[in-house]
2 protein chains.
Amino acid sequence: MAKAASATDIFPHGDTDEPLLHGGDLDAARRRFPGAPEPFIDLSTGINPNSYPMPPLPAEAFARLPDRAATNRLAAIAATAYGAPSADHVVPAPGTQMLLPLVAGLIRPGRAAILSPTYNEHARCAALAGHSVTDVCDIGGLGDADLAIVTNPNNPDGRVTGRDILLATAAKLRPRGGVLVVDEAFMDTAPPGSSLAGDVTRNIIVLRSFGKFFGLAGIRLGFALLDRPPAKRLAAILGPWPVSGPALAIGAKALADAEWIERTRHDLAHDGQRLDAMLAQAGLEVVGGTALFRLARTQAAYPLFHHLGRAGILARIFPDHPDWLRFGVPGDGAAWRRLEISLGSARDNG
Amino acid sequence: MAKAASATDIFPHGDTDEPLLHGGDLDAARRRFPGAPEPFIDLSTGINPNSYPMPPLPAEAFARLPDRAATNRLAAIAATAYGAPSADHVVPAPGTQMLLPLVAGLIRPGRAAILSPTYNEHARCAALAGHSVTDVCDIGGLGDADLAIVTNPNNPDGRVTGRDILLATAAKLRPRGGVLVVDEAFMDTAPPGSSLAGDVTRNIIVLRSFGKFFGLAGIRLGFALLDRPPAKRLAAILGPWPVSGPALAIGAKALADAEWIERTRHDLAHDGQRLDAMLAQAGLEVVGGTALFRLARTQAAYPLFHHLGRAGILARIFPDHPDWLRFGVPGDGAAWRRLEISLGSARDNG
């Protein structure tokens, strides 16, 4: 008699299935630092703490299936806001994270090369899509990949790769059918002209996050910008109702609010400089960042992480880079003061 | 010189990329029937028109990345509500629709057999995942598939396949490594004991929709119930923040509200009977349905669809079945009355 297959035999599984460490989990932070003063201040992400003001949401946004026209309208607004060639080149999704394996899956399994170190989900998700993944530390190492991935500006160090260099990389990939994916999750605060959003009619895919700059990560909204045929394929996978009613309503309003966007770019740039000064004052070496987070290097990263945690401030550590500590931007005067005091007492104790 | 590949050559594309016709698009209905009285009554879906009452949502639900613990908590509540073996067997997702190609993609490409006619996205999504798709009209035809799909109760005709028959089908599939997917989108109003939620430790995957029964389709929430290894794989694809903050908060409260669930099952059963009587009174043959929709058969399906449309009532037609007309449940007294009057005038004119 044939041995019956168990469900475990039937389904593939691998180490790409293991969850990775991420910032933003205050629940876990409260378990790790019991008794820390509240409110706990979350500086572990690059999410704007001063969210776009919530518009009133009609009950239908929650109750009804989103109309196709509303999804198309959001794509058109996003195309204008980001500078994509047209609404047909924009695919809205419930967050950029979910797009990573789906976009990697648009390219037939081959060699994925990732400009590293960077956001750790890119490697996991490319492997999940069947690619063999190589980390490269120089953009020249991307040239012979089937799938090349660059985060620009980079997370966590803020490194910016020039548009010309990226276009040249894409051109090098093109004859062999290679595709360049540029994760522009933190592009909203970068200098104008840095984005490749207008270049996606080539072998280039750009990913844009809504939640970070607008401070609304909970609604899950992100976009892939890509050429029409793969855009159609990606939209087919995501199906007819990819984005929730609340996210459609909020996203359409926020992405069209040029005044808020401009003011927030200005405010965040100021906050980033203020954070740099505060970290330097505390004796930390700031190695880079964007307006939404700054990366500090110090041998005391772990002790400082714990010192801040006990003071109710969650920074971001990196298991593979034990001398790194990343700080998001404090959201109000009280949070700035608590960070300053806590960094000061660490320096005085150190 | 080698011909440069265009982006169109690089990416695969196919006819599975074309969008299908769906209900629930009032925006399109208003364009189709200009001047129809408002409010337009949407009977084109199987979504409960009397939604679960919205709990107050904290600003953090929109602003912050959902905590992993909140996602796990929702999985545990859903496991209890649906009768899954454990929270580890439940994967929350932004709607069941998006799960269709991802779940089909858990099974290596082969022959997908779908008990038909049924929800048309199953065939499209199985093909999208690389399967060759066969429609079968008898459950006996599923036995040698790699992926067998049954919607239970079925949409649009309400056909219920017994649990014993489904378990026997799964047992037949198992020695060859085949998997049975049971789409239980409309199981919430079915008799207790009909669900396979407790049987997913075998080669069985169950899909459950949140938005239909709870009348909150806009928040995008659905679940896959499946064995631990494929559950882990599916969760790895969906990533660390698969469900929005608002959906997590609403879902956790609603799925634990046994009193509302019981009362709503009772009310919807009553509404389904009332709808049957009204359709019969109008001279239509009711061929089946669930408590959330009823399917009528009539040679006058298209004329009746247009007659209702001009009266501001959107029913559901099926291009492949021109004698079918499906009706969702009216939400209040005014909607019931308008449907009754409009059906009556169609009969009198017919």
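Labels below follow one simple rule: chain letters A, B, ... track the order of the sequence lines, proteins then strands, and each chain is numbered from 1.
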Chemist: Supply the atom-to-atom distance B/Asp67 CG to A/Arg30 CZ, rounded to the nearest 0.5 angstrom.
Modeler: 8.0 Å
Chemist: For a quick test of reading the model, state the closest non-hydrogen atom pair linking A/Pro94 to B/Pro94 and the distance between them.
Modeler: CG-CG, 3.9 Å
Chemist: Please look at A/Ile250 and chain B and tell me whether the side chain, the backbone, both or neither of the residue comes under 4.5 angstrom of a heavy atom of that chain.
Modeler: side chain
Chemist: Name all residues meeting the salt bridge (charged side-chain N to carboxylate O under 4.0 Å, His left out) criterion together with A/Lys232; count only those two or more places apart in sequence or in a different chain, and write none if there are none.
Modeler: B/Glu18
Chemist: Below 4.5 Å from any heavy atom of chain B, which atoms of A/Arg124 appear? Answer side chain, backbone, both or neither.
Modeler: side chain
Chemist: Between A/Leu102 and chain B, with a heavy-atom cut-off of 4.5 Å, which part of the residue counts as in contact: side chain, backbone, both or neither?
Modeler: side chain
Chemist: Does the side chain of B/Arg220 reach to within under 4.5 Å of the side chain of A/Arg220, using non-hydrogen atoms?
Modeler: no
Chemist: Write down the atom of B/Ser51, the atom of A/Ala63, and the distance for their closest heavy-atom approach.
Modeler: OG-CB, 3.6 Å
Chemist: Less than 4.5 Å to any heavy atom of chain B: does that hold for the side chain of A/Glu60, its backbone, both, or neither?
Modeler: neither
Chemist: Counting heavy-atom pairs under 4.5 Å with chain B, which one of A/Leu128, A/Leu248, A/Leu221, A/Ile204 comes out on top?
Modeler: A/Leu128
Chemist: May I ask you to name which of A/Ile47, A/Ile237, A/Val243 has the most heavy-atom pairs under 4.5 Å with chain B?
Modeler: A/Ile237
Chemist: Could you work out, with salt bridge (charged side-chain N to carboxylate O under 4.0 Å, His left out) as the rule, every residue matching B/Asp42, not counting sequence neighbours?
Modeler: A/Arg64
Chemist: Shorter than 4.5 Å, heavy atoms on both sides: which option in B/Ala69, B/Ala61, B/Pro240 has the most such pairs with chain A?
Modeler: B/Pro240
Chemist: Can you say whether A/Ile205 sits under 4.5 Å from chain B via the side chain, the backbone, both, or neither, judging by heavy atoms?
Modeler: side chain
Chemist: Which residues pass the side-chain hydrogen bond (donor to acceptor under 3.5 Å, both in side chains) test with B/His131, sequence neighbours left out?
Modeler: none
Chemist: Would you give the length of the straight line joining atom CE of B/Met54 to atom CG of A/Leu57, rounded to the nearest 0.5 angstrom?
Modeler: 8.0 Å
Chemist: Which of residues 210-217 of chain A get closer than 4.5 angstrom to chain B, counting heavy atoms alone?
Modeler: A/Gly215, A/Leu216, A/Ala217
Chemist: Give a yes or no answer on whether the side chain of A/Arg68 reaches the backbone of B/Asp25 with a donor-acceptor pair at less than 3.5 Å.
Modeler: no
